[in-house]
There are 2 protein chains.
Amino acid sequence: MYSIDSRSAVPVYEQLKRQIIIHIVSGVLNDGEKLPSIRELASAILINPNTVAKTYRHLETDGFVTSRKGLGVFVSASGRELQSNRTEIFKELTDEYVSKAAGLGLNADEIMKGLSERLKGEIEHDKNE
Amino acid sequence: MYSIDSRSAVPVYEQLKRQIIIHIVSGVLNDGEKLPSIRELASAILINPNTVAKTYRHLETDGFVTSRKGLGVFVSASGRELQSNRTEIFKELTDEYVSKAAGLGLNADEIMKGLSERLKGEIEHDKNE
DNA sequence: TTATCTGTATTACTATCATAGTACAGTAGT
DNA sequence: ACTACTGTACTATGATAGTAATACAGATAA
């Protein structure tokens with residue numbers, strides 16, 4: 001379901017948050033649908049319940065989900081329409097990409113060129129989430 | 001010279017490292033050339049000398065510079081060639097980036113546009129320096 | 001030698017993150 | 001009422017990262 005890379009520099013709660021957002025905006029999780037309970041998801045992917053709670057708290061702050069005490073956490077009706085948040089995630093992705101590429105010593109032109117070559121042809125193929 | 005965004009989530013030493021690498025691989029800093037001393041650069045851009053030292057240490061580990069106690073830090077003779085050895089890693093980075101962006105539902109044009117926007121600042125900065 | 005540059009090393013403070021444990025509060029079925 | 005689920009809140013601990021303050025050591029010129 002959700003995969004966590006414990007060696008990553010990206011915090012666990014952040015990795016989980018991004019994956020859930022992708023599921024929401026891509027329709028894997030539908031409006032009103034209930035997410036796994038905090039304790040259930042925590043034991044499923046072997047992380048601490050507090051970390052899942054933190055993820056859900058952030059998702060609620062961002063408007064993707066609504067949590068109801070005693071009931072669970074549900075995808076907000078407007079969750080999928082949060083284009084601005086999707087854009088923000090994309091910006092984070094881009095920042096990360098540029099940062100790492102710059103760390104490798106590449107300049108802006110080389111990064112653009114590399115991405116351009118990679119994108120030639122298809123894009124639908126690479127949906128390995 | 002070098003600009004630091006203290007509000008950024010990217011560590012100061014990392015921001016500085018990227019800018020120096022760009023200067024080295026783009027030829028703004030030539031082989032054998034001496035970098036500013038730790039304390040000099042620190043006071044120039046108003047950061048702690050330890051942070052500059054950390055940047056220089058990382059640059060030396062990566063092979064971009066060589067430091068000599070009492071003398072200074074100098075661009076390695078092979079510094080500019082280091083970028084060619086990292087093409088493979090860069091391709092992996094690009095694959096990962098494209099996959100995630102595609103997972104967000106973005107098409108090739110949107111990805112290119114987003115990256116282009118993100119890189120504008122870098123390009124302008126390099127030209128002005 | 002002395003003074004003043006240079007980089008290096010050590011230590012410490014702070015913030016963030018992940019985890020753990022515990023307790024509390026709302027909901028629903030029995 | 002009882003039970004078993006839900007989310008929430010709070011404190012504490014250990015690890016790590018980033019930054020900072022200070023002291024140490026090599027190089028060089030006066």
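As the structure is a prediction and not an experimental result, all values here were calculated from the model. Throughout, a chain's letter reflects where its sequence line sits, starting with A, and its residues are numbered from 1. What you see below is based on every heavy atom in this structure, not just the backbone, and it leaves out hydrogens, waters and symmetry mates.
The interatomic distance linking B/His58 (NE2) with C/dG7 (C1') rounds to 16 Å, in whole Å. With rounding to whole Å, B/Arg68 atom CZ is found 12 Å from C/dT8 atom P. The interatomic distance linking A/Arg57 (CZ) with D/dA9 (P) rounds to 8 Å, in whole Å. Straight-line distance from the OH atom of A/Tyr56 to the P atom of D/dT6: 11 Å, rounded to whole Å. Atoms CD1 (A/Ile38) and P (C/dT19) sit 14 Å apart, rounded to a whole Å. As a whole-Å value, the separation of B/Leu35 CG from C/dG7 C1' is 13 Å. Whole-Å rounding puts the B/Leu59 CG to C/dG7 C1' distance at 14 Å. Atom-to-atom, CD of B/Glu40 to P of C/dT6 comes out at 6 Å; the value is rounded to the nearest Å.
Proximity of the aromatic rings of A/His58 and A/Phe64 is defined here by a centroid distance below 6.0 angstrom, and this criterion is not met.
The aromatic rings of A/Phe90 and B/Tyr97 sit parallel, their planes meeting at an angle under 30°, below the 60° perpendicular limit.
An OP1 or OP2 oxygen of C/dT8 is reached within less than 4.0 angstrom by a side-chain nitrogen or oxygen of B/Ser67.
Using a cutoff of 4.0 Å between basic side-chain nitrogens and carboxylate oxygens, B/Glu117 and B/Lys113 are not scored as salt-bridged.
Of the options A/Leu59, A/Leu16, A/Leu29, a side-chain contact (heavy atoms from CB on, under 4.5 Å) to A/Ile21 is made by A/Leu59 and by none of the others.
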Discussion item. So if I define the base as every atom that isn't primed, P, OP1 or OP2, how would nucleotides 16-30 of chain D read as a B/S/- string at a heavy-atom cutoff under 4.0 Å?
Written reply: --SBBBBB--BSS--
Using distance only, find each side-chain donor-acceptor pair of residues 34-44 of chain A under 3.5 Å and give its atom names and separation, not counting sequence neighbours.
residue, atom, partner, partner atom, Å
A/Ser37, OG, A/Glu40, N, 3.1
A/Ser43, OG, A/Arg39, O, 3.2
A/Ser43, OG, A/Glu40, O, 3.0

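Residues A/Asp62 and A/Lys17 meet the side-chain proximity criterion, which asks for heavy atoms closer than 4.5 Å.
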